[in-house]
Engineer: 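This is the structure, below, for whatever I ask next.
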Amino acid sequence: IPKEAYQYAIKNSFLKTHKIRAYGFHGTSHKYVSEKAIEFLNKKSSKIITIHLGNGCSMSAIKTGESIENSLGFGPMNGLVMGTRAGDIDQSVIFFLMKNLKISLEKANNLLQKESGMKGLTGYTDLREISEKAAKKMIFSFVRHGDHSNRDKTDVLTDKQLEQWFSQNNYPFKRLC
């Protein structure tokens with residue numbers, strides 16, 4: 001990741017002395033997915049955004065095989081909402097929680113690392129279980145109420161070429177509607 005992408009807008013000495021910077025994670029996953037996407041698209045040079053979804057989630061912008069930006073930061077809590085991690089959150093929330101709930105730094109850290117994210121929003125941490133419940137809810141809404149708005153949203157997420165590639169390579173891929 002280039003310096004302009006990993007350096008925070010804090011004192012330069014923090015980067016130099018304490019190595020405080022954005023590191024990014026899931027590099028092996030992003031490398032593999034980007035290589036497969038380039039192969040699938042049959043391109044020599046590329047600009048690709050890869051997404052790693054699991055209990056830990058991240059996105060990476062990749063240009064000609066090199067990561068130029070990543071959604072994660074100094075630690076794995078930044079970026080996308082994850083299984084138990086809040087993802088991007090205004091830092092002021094941490095101080096607010098500590099002051100108003102009268103909790104320690106350790107408890108605030110535990111709350112944001114282990115009790116937030118999808119677990120905090122849905123009660124579940126497994127994306128398969130969450131997506132299954134969401135799909136059932138969308139299908140129920142579609143059938144019961146004639147709500148066709150969700151169908152347009154899921155069609156955007158399930159591109160035919162990707163569906164074909166996933167099935168050819170024995171990866172599970174389900175259309176929700």
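Only heavy atoms go into these numbers, but all of them, side chains included; no hydrogens, no water, no symmetry mates. One-based numbering along the sequence shown. These figures come from a predicted structure and were not determined experimentally.
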Engineer: Apply side-chain hydrogen bond (donor to acceptor under 3.5 Å, both in side chains) to residues Ser13 and His18 and explain how you reach the verdict.
Structural biologist: CA-CA 8 Å; Ser13 63; His18 302 288; over 6 Å; no
Engineer: How far does CD of Glu69 sit from NZ of Lys63, to the nearest 0.5 angstrom?
Structural biologist: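 NZ of Lys63 is found 13.5 Å from CD of Glu69.
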Engineer: Tell me the closest heavy-atom pair linking Asn78 and Gly73, and the distance in Å.
Structural biologist: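 Shortest heavy-atom contact: CB-N, 3.7 Å.
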Engineer: Kindly give the heavy-atom pair with the smallest separation between Phe25 and Ser58, and that separation in Å.
Structural biologist: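 The answer is O-OG, 3.8 Å.
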Engineer: Could you please spell out the steps behind the side-chain contact (heavy atoms from CB on, under 4.5 Å) verdict for Ile49 and Met59?
Structural biologist: CA-CA 7 Å; Ile49 294 176; Met59 294 175 68; 3.6 Å; yes
Engineer: In the single-linkage hydrophobic clustering (I, L, V, M, F, W, Y; side-chain heavy atoms under 4.5 Å), do Ile51 and Met77 co-cluster?
Structural biologist: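 Unlinked, Ile51 and Met77 end up in two clusters.
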Engineer: Go through the steps to decide whether Leu41 and Ser46 satisfy the test side-chain contact (heavy atoms from CB on, under 4.5 Å), and finish with yes or no.
Structural biologist: CA-CA 9 Å; Leu41 296 169; Ser46 62; over 6 Å; no
Engineer: Determine whether Leu121 and Tyr124 fall in the same hydrophobic cluster, where Ile, Leu, Val, Met, Phe, Trp and Tyr are linked whenever their side-chain heavy atoms lie under 4.5 Å apart.
Structural biologist: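 Same cluster.
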Engineer: Any sub-3.5 Å donor-acceptor pair from Tyr8's side-chain atoms to Phe74's backbone N or O?
Structural biologist: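 Present.
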Engineer: Checking His52 against Ser29: is there a side-chain donor and acceptor pair closer than 3.5 Å?
Structural biologist: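 A pair is found: one side chain offers a donor N or O, the other an acceptor, under 3.5 Å apart.
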Engineer: So if you build clusters from Ile, Leu, Val, Met, Phe, Trp, Tyr with side-chain heavy-atom gaps below 4.5 Å, do Ile38 and Val33 land together?
Structural biologist: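 Looking at the clustering, Val33 is in a separate group from Ile38.
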Engineer: For side-chain contact (heavy atoms from CB on, under 4.5 Å), just list the numbers for Leu72 and Met82, CA-CA rounded to whole Å, side-chain angles, deciding distance to a tenth of an Å, and then say yes or no.
Structural biologist: CA-CA 11 Å; Leu72 291 173; Met82 300 175 224; 3.5 Å; yes
Engineer: Side-chain heavy atoms nearer than 4.5 Å, only ILVMFWY residues, links allowed to pass through others: does that put Ile1 and Ile62 together?
Structural biologist: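 Hydrophobic grouping puts Ile1 apart from Ile62.
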Engineer: Could you tell me the separation between the CD1 atom of Ile20 and the CD1 atom of Ile10, rounded to the nearest 0.5 Å?
Structural biologist: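 It is 5.0 Å, given to the nearest 0.5 Å.
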Engineer: To the nearest 0.5 Å, what is the distance between CG on Leu105 and CD1 on Ile94?
Structural biologist: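 The CD1 atom of Ile94 is 8.5 Å from CG of Leu105, to the nearest 0.5 Å.
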Engineer: Is there a donor-acceptor pair under 3.5 Å between the side chain of Ser116 and the backbone N or O of Leu111?
Structural biologist: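 Yes; judged by distance alone, with no hydrogens or angles, the pair exists.
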Engineer: Say you draw a straight line from CD of Glu39 to OG of Ser34; how long is it, rounded to the nearest 0.5 Å?
Structural biologist: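 If we round to the nearest 0.5 Å, Glu39:CD and Ser34:OG are 11.0 Å apart.
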Engineer: State, with a plain yes or no, whether a side-chain heavy atom of Leu15 is found less than 4.5 Å away from one of Tyr6.
Structural biologist: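 Sidechains of Tyr6 and Leu15: in contact.
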Engineer: If hydrophobic clusters are built from ILVMFWY residues whose side chains come within less than 4.5 Å, do Met98 and Val93 share one?
Structural biologist: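 Same cluster: Met98 reaches Val93 through Ile, Leu, Val, Met, Phe, Trp or Tyr contacts under 4.5 Å.
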Engineer: Would you name the heavy atoms of Leu80 and Ser71 that are closest together and state the gap between them?
Structural biologist: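 Where Leu80 meets Ser71 most closely, the heavy atoms are CG-OG, 4.2 Å.
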Engineer: With sequence neighbours excluded, give me every side-chain hydrogen bond (donor to acceptor under 3.5 Å, both in side chains) pair touching residues 84-96.
Structural biologist: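 side-chain hydrogen bond (donor to acceptor under 3.5 Å, both in side chains) check on residues 84-96 returns Arg85-Gln113, Asp90-Ser92.
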Engineer: How far does CD1 of Ile48 sit from OG1 of Thr64, to the nearest 0.5 angstrom?
Structural biologist: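 Ile48 atom CD1 to Thr64 atom OG1 measures 9.5 Å (nearest 0.5 Å).
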Engineer: Distance from Ser60 atom OG to His26 atom NE2, nearest 0.5 Å?
Structural biologist: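 Spacing of OG (Ser60) from NE2 (His26) equals 11.0 Å.
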Engineer: Could you walk me through whether Met118 and Thr125 pass side-chain contact (heavy atoms from CB on, under 4.5 Å), step by step?
Structural biologist: CA-CA 6 Å; Met118 296 310 287; Thr125 60; 5.9 Å; no
Engineer: Kindly say whether Phe96 contributes a backbone atom to a donor-acceptor pair with the side chain of Asn100 at under 3.5 angstrom?
Structural biologist: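 Here the side-chain-to-backbone pair exists.
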